[in-house]
Amino acid sequence: MKQNISDFGIGTAPRALFEFLEKWANRNWEGMSKITQITWRKNEPHPIDWIQKWYSQKRLTSFKIKATYIDGLLARCIAELRFGIHRKNVQFRMIKESDAYQPSQDGQWGVNPISGLESFKGDAQ
């Protein structure tokens, strides 16, 4: 069964990851950058360019969020990503922040974009 954004509660880590992955599939680099963790985004001089440089190397065709593990303001989400006929389970780390270096229950979930790439180390292009 295909997942929809409405399958995930508003303001939850898996919903933020769903939005991030949906924007990747649509190659919306600016949209992806807005869902990254605030600390990373504010410290990266060119977040949109960075996202495009690294995430455009793989053409995401579909995805499914398989598991979420929450520990306070931190989360790990496992997603099955499909690139044509190839599949890969990828772990994304996330944090809930209200501003850079400000973890907060009242903040927003943001994806650490580096964490999503770690599973691809050593993959052929």
Side-chain angles (χ1 to χ4, degrees):
M1 184 168 117
K2 183 176 175 171
Q3 292 177 326
N4 294 301
I5 196 163
S6 60
D7 296 334
F8 306 101
I10 294 171
T12 63
R15 186 179 184 116
L17 180 59
F18 185 95
E19 292 174 6
F20 184 84
L21 296 174
E22 188 173 56
K23 290 183 184 336
W24 182 6
N26 292 324
R27 304 179 76 73
N28 179 345
W29 316 123
E30 181 177 1
M32 286 177 73
S33 72
K34 291 178 180 178
I35 304 168
T36 59
Q37 73 182 81
I38 298 169
T39 300
W40 179 84
R41 192 168 58 240
K42 287 194 173 180
N43 284 302
E44 173 55 47
H46 304 284
I48 298 168
D49 293 339
W50 191 99
I51 292 285
Q52 182 175 5
K53 177 182 178 181
W54 292 103
Y55 280 87
S56 67
Q57 295 179 30
K58 300 278 186 185
R59 182 70 180 188
L60 182 64
T61 54
S62 66
F63 60 89
K64 180 178 182 179
I65 298 173
K66 296 177 77 174
T68 302
Y69 307 96
I70 305 285
D71 184 7
L73 301 174
L74 302 174
R76 286 184 307 117
C77 293
I78 311 296
E80 180 184 89
L81 307 182
R82 292 186 185 186
F83 307 96
I85 61 170
H86 302 285
R87 295 181 191 186
K88 187 165 196 90
N89 286 326
V90 176
Q91 175 178 265
F92 291 86
R93 291 187 304 275
M94 304 175 71
I95 188 167
K96 196 171 189 182
E97 299 175 296
S98 58
D99 204 347
Y101 303 103
Q102 300 292 318
S104 172
Q105 191 62 42
D106 298 323
Q108 63 184 30
W109 286 104
V111 176
N112 177 313
I114 297 168
S115 69
L117 298 173
E118 291 173 350
S119 296
F120 297 104
K121 287 180 183 174
D123 281 7
Q125 292 301 315

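Position 1 is the first residue of the sequence; numbering continues from there.
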Checklist outcome for this item: Exactly one of Glu30, Arg41, Met32 clears side-chain contact (heavy atoms from CB on, under 4.5 Å) with Ile51, and that residue is Met32
Checklist entry - Is the distance between the ring centroids of Phe20 and Phe63 less than 6.0 Å? => result no
Checklist entry - Which value, rounded to the nearest 0.5 Å, describes the distance between Ser62 atom OG and Glu80 atom CD? => result 7.5 Å
Item to check | Ile95 vs Asn112, side chain to side chain contact (heavy atoms under 4.5 Å, CB included): CA-CA, chis, key distance, verdict | outcome: CA-CA 8 Å; Ile95 188 167; Asn112 177 313; over 6 Å; no
Checklist entry - Atom OG1 of Thr39 and atom CG of Asp99: how far apart are they, to the nearest 0.5 Å? => result 7.5 Å
Checklist outcome for this item: Rounded to the nearest 0.5 Å, the CD atom of Gln108 sits from the NZ atom of Lys34 at a distance of 11.5 Å
Item to check | Heavy-atom closest contact (Leu17 atom, Cys77 atom, distance) | outcome: CD2-CB, 3.4 Å
Item to check | Electrostatic pair Glu19-Lys23, nearest N-O below 4.0 angstrom | outcome: no
Checklist entry - Do Leu73 and Ile35 share a hydrophobic cluster (ILVMFWY, side-chain heavy atoms under 4.5 Å, transitive)? => result no
Next on the checklist: Could you check whether any side-chain heavy atom of Tyr101 comes within less than 4.5 Å of a side-chain heavy atom of Lys42, counting everything from C-beta outward?
Outcome noted: no
Checklist entry - Under 4.5 Å between any side-chain heavy atoms of Met94 and Gln37, yes or no? => result no
Checklist entry - Just by modelled atom types, is the Ile38 backbone N or O under 3.5 Å from a matching donor or acceptor in the Glu97 side chain? => result yes
Checklist entry - Can you name the nearest heavy-atom pair linking Asn28 to Gly31, along with the distance? => result OD1-N, 2.7 Å
Next on the checklist: Can you tell me which residue among Trp24, Trp40, Phe92, Trp54 is in a side-chain contact (heavy atoms from CB on, under 4.5 Å) with Pro113?
Outcome noted: Trp40
Checklist entry - Which atom names give the shortest non-hydrogen contact between Ala13 and Ile70, and what distance separates them? => result CB-CD1, 4.0 Å
Next on the checklist: Heavy-atom count check: over 12 atoms from other residues, nucleotides or ligands less than 6.0 Å from Lys88 NZ?
Outcome noted: yes
Item to check | side chain to side chain contact (heavy atoms under 4.5 Å, CB included) between Phe8 and Thr68, intermediate numbers included | outcome: CA-CA 11 Å; Phe8 306 101; Thr68 302; over 6 Å; no
Checklist entry - Under 4.5 Å between side-chain heavy atoms, hopping through other hydrophobics if needed: is there a path connecting Ile78 to Phe83? => result no
Checklist entry - Hey, is CG on Asn4 packed in by over 12 heavy atoms from elsewhere, all under 6.0 Å? => result yes
Checklist entry - Linking I/L/V/M/F/W/Y whenever any side-chain heavy atoms sit under 4.5 Å apart, do Leu21 and Ile48 land together? => result yes
Checklist entry - Can you get from Val90 to Leu117 by hopping between Ile, Leu, Val, Met, Phe, Trp and Tyr side chains that sit under 4.5 Å apart? => result yes
Checklist entry - Are Ile5 and Trp109 joined in one hydrophobic group, where the rule is that I, L, V, M, F, W and Y side chains link up if heavy atoms are under 4.5 Å apart? => result yes
Checklist entry - Does the pair Ile10 and Arg15 meet the rule for a side chain to side chain contact (heavy atoms under 4.5 Å, CB included), with working shown? => result CA-CA 7 Å; Ile10 294 171; Arg15 186 179 184 116; 3.5 Å; yes
Item to check | Non-hydrogen side-chain atoms of Trp50 and Thr36 separated by less than 4.5 Å | outcome: no
Item to check | 4.5 Å side-chain heavy-atom contact, Lys58 and His86 | outcome: no
